Amino acid sequence: MVLRRNIFLTAIALSLFGIVMIYSASSYSANLQYGDEFYFVKKQILAFIVGVTMLLICSKFNLVILNKLKWPLYIFGIGLLVIVLIPGIGSSVYGATRRIDVGFFSFQPSEIAKFSLIILSAGIISIHPPLTVLNIFITMIPSIIMCVLVMLEPNMSITVCIALTMAIMTIAGGLSYRATFIIGLTGLLSIPLLIIAEPYRLKRLMAFLNPWDSPQGDGYQLIQSYFAIGSGGILGVGLFQSNSKYLYLPFAESDFIFSIIAEELGLIGCVITVLVYIIYITTGFIIAIKTHDKFKSLLALGITSLVGIQTLVNIAVVTGSIPPTGLPLPFISAGGSSLIVFLAATGILMNIESSNRRTCFEC
Amino acid sequence: MSEKLREMATSQYLRALPITAKRGDIYDRNGILLAGSNTVYTIYARPNSVKDKKATAIQLSSILELDSSIINNILEKNVSEVKIKTKVPKDKALQIKSKDLSGIHVVESIDRVYPFGEFLTQILGFTNIDIRGQTGIESKYDNYLTGADGYIYTMTDVSGREISNTLPLSKAAIDGFNATLTIDYHIQAILENTVYKAHQSHNARAVSCVMMDVESGAILGIAETPSFDLNDIPRDDASKLLSLSRSKTISDVIEPGSTFKILTAAIGLDSGAITAHTTTNCPGYNIVDGVKIKCWRTLGHGHQTFAETVANSCNVAFMNIASRIGTEKLYSYFEKMGITAKTGIDLSGESSGIRIPATSVKNVDLARIGFGQSIALTALDLLVSSNIVINGGKSVVPYVLEYISDVNGNIKYRNYPQITNGIMKSDTSKIMINALEEVVLSGGGKNAAVSGYRVGGKTGTAQKYENGVIAQGKYISTFLGFAPVDNPKIICLMVVDEPTGAYYGSIVAAPYVGEIFREVLPYLGVIKNTVEIDKPVIIMPNLIGLRQYQVYSTMKELNIYYEVVGDGEYCKGQLPVPGEEITNDVIGLVSF
């Protein structure tokens, strides 16, 4: 019961905190661009309502049915990823085609697809544990297909998140040390290849190593992020007092919202935010461990890992610890589809926790 | 790290508008303002913050009297900040301020004004568009005159739009220091007038006049023509501006001619090469190493005492004096007295003179240097070197800045007189002062005489050289004068470059120094110490048709000093004309 409450309250708290921070980060730019300082906030609130509804549905949903629906869901996800690549359907931003626009609302297929893959993989691994080479391939093929499609957008950061989540799930499913080592090494070796394939990645990498070399070019965003974090110091400049939001920091309300948190609420605000994430993730792992049903356990692990990895990568990017990539901060960043699926996934986590207790009552 | 980032971030978020610091004033020694600053206003726009560009342009155009389409074009520019108009007077600036137009800013700035316009132009100098000193005092003491600008900071977004809910911060400007010069406005005005008059009367290429305080080296005035109004600087023609704004007194090197004889004579006496009793015979020429060098009076001066050689300005006598001194001694005096060296005046652009290296001086050169040829120096150097001779042998370093003071009158910097004793013997000085008074009493300096005052001086007429050859008909006429003789207070050098018509220093330069002294000496409170006597009126005789020696004896009898033009046998023309009523203090002009 405590686990279920923890998961629920942290997810809701992060989402609401996100709405406040989105207002702060976007009111100025939204007013300039759309003439409405609540433009992004309204969209986020709508997504929050939909997301909470999804959370409630998912927390009651019979998970056996979900297991049965794993292939249709996966194919649906793959379908969306294919559709986004068809010229004229996906909308291009900064050289990448990542969104599908359906008139009143646009979403990122990869946000939905990555959860369909987690469900599928949890299903496969629970039936075919990765103990034989054949089983490993069966597990990996759907992941590889999805990664390739996401890379075609291109969206390297989501790919990395998916790959890492899959790795964790596979290892938890019983992968041997030897296989872990070999697959891990292959993965590491593929990174330089991916960088060579798209020169912009190398430039971004250089910009991350020394942003001051091109303060108006590739280093600009990171420098602005540093300015925000540095200005915030320990206590922050105060809620709504950010200067970076006056168009200095691009994507302040989405990928770089953590910089605004750091600027306005300082190190203390950052630490508290991270602590809430830690509670969520720890709770998620405890649920996964406590779950005896293999499918549900792996599903809980996958969802929790994805939230953890995405949070870690996002914070690492805005603090300049790894090369910049566009990845939203779960629950907080502006972005409807992201918030809805994370809330829905939270519902599934709660569902798993409830079903554990039901099973216990039965036994 | 955090502090540094915060600082960098803040400088990025803030846009600064300057508050120009008031530039210091420049005053004469009496506290009369020579260069000051007016507060004017600059109208800036931040185009991104201007809400209704058309309406704003129309409002501004009616106040600023500018075409509204021009203003509109400025407002349409895609820049964060742009100047609309500079030098806007206060009433218009206030009108704009009261309209409270979004994105339009009124900022105070400084306009340099020179109350007397074309006055002390080359010495005062001027400032550039940013009100930083470019020439003269404005440039030399720029660091003192310029204060530190202040700023008004406003928070803006990345494209320069102001963020409305923040309060502007500001940092006050620190005003510049004031400069007080050694220049005396009244004396300068007299010099300016006289120089202008001389320039007009003789249709000269250029005229300059400098006056110095004998004992301290403080420059009391420097006037030069051609010149220009400092409030209307001819910036369109760079080379013209350069030549007009350069002080010829300190940067142009001239061959001094007879004025230099003051120095030759003094060195001769001081080194013991001659005495006040040395006599010379002038046959009208001298032969040095087989070269015949003529005296200006080809007829010769005959036997002369030392005082007469100076009064007659006899070239032969000065060739002899130089030969007696010898190159080594002469050059050691040049060294001691700073002849052909820079004087060290506190102005930029001073030139040093030119002299033949001591080892290359032939006897012919030595003879020529004796009467002021084959050597060149700046007018200021000639003045300062001659000053040693009449100042009891003490040298001074000339200066134009008296002191720098802050707004409250506290002295921040001061120039003190730099006097070196014993450059020459005081006896030498006494003999020279008397000899130079004689020049004004009975020689070529007569025109510089001032009734009631004892004035000394020396004329000079030098032929100009162009590309190493004598330029026919081009002369530099000079007169160096000082007063009063019993205790010299002021020394003055007048240089008339390329006068047309008459060119003798006695006629072209000396009268103006006389005019200057006539006004300056009473102004300085020098008490008249000679009795004014009415000179007897004489009738100018007819000289036409007389032979040279006949003219000489006639004029000597009447005690009239005269200059000679041409070298014919018989007199062809004369001034004053026959029958004119004159006194013997006129200077005659006789052509042969």
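A, B, ... follow the sequence lines: proteins, then strands. Residue 1 opens every chain. The basis for the numbers below is simple: all heavy atoms, side chains too, and nothing from hydrogens, waters or symmetry mates. Fair warning: this is a prediction, and the values are worked out from it, not measured in the lab.
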Interchain contact, T10(B) with chain A, by part (heavy-atom threshold 4.5 Å):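 Neither part, no heavy atoms under 4.5 Å.
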Under 4.5 Å from any heavy atom of chain A - which part of Q12(B): both
Which portion of L32(A) sits near chain B, non-hydrogen atoms under 4.5 angstrom: side chain
Which portion of E263(A) sits near chain B, non-hydrogen atoms under 4.5 angstrom: side chain
Chain B neighbours within residues 14-30 of chain A, where any heavy atom lies under 4.5 Å away: Y28(A)
Over 12 non-hydrogen atoms of neighbours within 6.0 angstrom of CD in E7(B): no
Pairwise distance NZ(K4(B)) to CZ(F227(A)) - rounded to 0.5 angstrom: 9.5 Å
Max heavy-atom pair count under 4.5 Å with chain B, selected residue of S244(A), A228(A), G233(A): S244(A)
Which atom of Y248(A) lies closest to which atom of D157(B), heavy atoms considered: OH-O, 3.1 Å
Listed once per pair and sorted, the salt bridge (charged side-chain N to carboxylate O under 4.0 Å, His left out) pairs that draw on residues 14-24 of chain B, sequence neighbours left out: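 Residue pairs with at least one partner in residues 14-24 of chain B: K22(B)-D25(B), R23(B)-E138(B), R23(B)-D142(B).
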Audit row: Y13(B), Y246(A), ring-ring contact (aromatic ring centres under 6.0 Å, His included) steps and yes/no: CA-CA 9 Å; Y13(B) 304 140; Y246(A) 295 111; 8.2 Å; no
